[in-house]
Amino acid sequence: MARLCAINTTLILFSVLFPPISMATAIKQSPKAVEDWFDNLKQSQPKVTKLHFYYHNSRNPEMNLSAVQVASAPVFSDQPPYFGVLTITDDPLTVGPEISSKRVGYAQGFYATSSLEEVSMLMGATFIFTDGEYKGSTLAILGRNAIGDRYREMPIVGGTGLFRLARGIVTLQTYFFNFTMALAIVEMNVVALHY
Ligand SMILES: *[C@@H]1O[C@H](CO)[C@@H](O)[C@H](O)[C@H]1NC(C)=O
Ligand SMILES: *[C@@H]1O[C@H](CO)[C@@H](O)[C@H](O)[C@H]1NC(C)=O
C-alpha cells in the first residue's frame, strides 16, 4: 500500500517535473549563447530541482540488456567482492519501477568494482533526460556505490542545458536485485542546485 502510494506520488510529481514537450524551454547552445548565459549569472538565483526515477541495470541478454562487462582483472575479479571488473552502461531511467513505465532518460557511463573488502564500485554516468522540461539537459555524476549500503550518495559534479553548473546529490536505494538474473533496479532521488 505504502509502495503504491509512493508510485502514484511519483507519477504526479513527474507530470509536474516533466511537463509535455510542447512546454519545453528551448535552451540556446551556441558558444555565444553560453557566454551570454555566464555573463548574466550574477543576476541569476540558484534554484533547487528534485527528481525521482528508477534506474534499470540489466546484464541479461534476454531482458533488455543495457550493461556489458568490457574488462576484468586476471586475478580476484571472479570471486566476491569481484575487484577489478569494468562495465559500460546505457541504462534506462523510468518514472516507475517497471521497465515498461514511462522513460525519462538514460544513464550512460561505467562502473568499476574498486574495493578489496566489499562489493563497491566507482560509478560515473551522464543522466541524459529525454522527456519534458529537461529534455536534452544532462547531469554528470561520479562517486562510490557500495551496493550493500541501504543509501548511497552520489555527487552531482556538473550538468548541461538547464543544469549548467549543477551540484548536488543523487541518493541511490536498491529496489530490486537478483544476481542470477543479472538485473538491478535502483530508486534514485536527485537534489540538484543549479541556475
Ligand atoms: C523490455 O522493455 C520493454 C519496454 O521498453 C518492456 O515492455 C519489456 O517487457 C521488456 N522485456 C523484458 C524481458 O524485460
Ligand atoms: C533470482 O532469480 C532466479 C532466476 O529467476 C531465481 O531462481 C532465484 O530464486 C532468484 N533469487 C532471489 C534471491 O530472489
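Counting convention: from 1, in listed order, for ligands and their atoms alike.
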message: Suppose I only count heavy atoms of Glu62 and a 4.0 Å limit; which atoms of ligand 1 are within that range?
response: 13 (C)
Heavy atom of protein closer than 4.0 angstrom to atom 2 (O) of ligand 2: yes
query: Under 3.5 Å, N or O to N or O, is Thr180 touching ligand 2 that way?
result: no
field: Centroid-centroid under 6.0 Å between Phe127 and Tyr106 rings
entry: no
- request: Establish whether Leu172 and Leu93 are linked, either directly or via other cluster members, by ILVMFWY side-chain heavy-atom contacts under 4.5 Å.
  value: yes
- line: Rounded to the nearest 0.5 angstrom, the CZ-OG distance for Phe163 and Ser137 is 6.0 Å
statement: Within 4.0 Å of some non-hydrogen atom of Ile99, the atoms of ligand 1 are 2 (O), 4 (C), 10 (C)
query: Is the closest side-chain donor-acceptor distance between His56 and Ser66 under 3.5 Å?
result: no
- prompt: Considering only protein heavy atoms, which is closest to atom 7 (O) of ligand 1, and at what distance to one decimal place?
  reply: Ser100 CB, 4.0 Å
query: What protein heavy atom sits nearest atom 5 (O) of ligand 2, and how far away is it?
result: Met181 CG, 3.7 Å
Enumerated ligand 1 atoms positioned under 4.0 Å from heavy atoms of Asn64: 1 (C), 2 (O), 3 (C), 8 (C), 10 (C), 11 (N), 12 (C), 14 (O)
query: Looking at atom 14 (O) of ligand 2, what's its closest protein heavy atom, distance included?
result: Asn178 ND2, 3.5 Å
task: Decide whether Thr138 and Thr126 meet the rule of one side-chain donor and one side-chain acceptor closer than 3.5 Å.
output: no
field: Contacts of Thr174 that satisfy side chain to side chain donor-acceptor pair (under 3.5 Å) - sequence neighbours left out
entry: Arg152
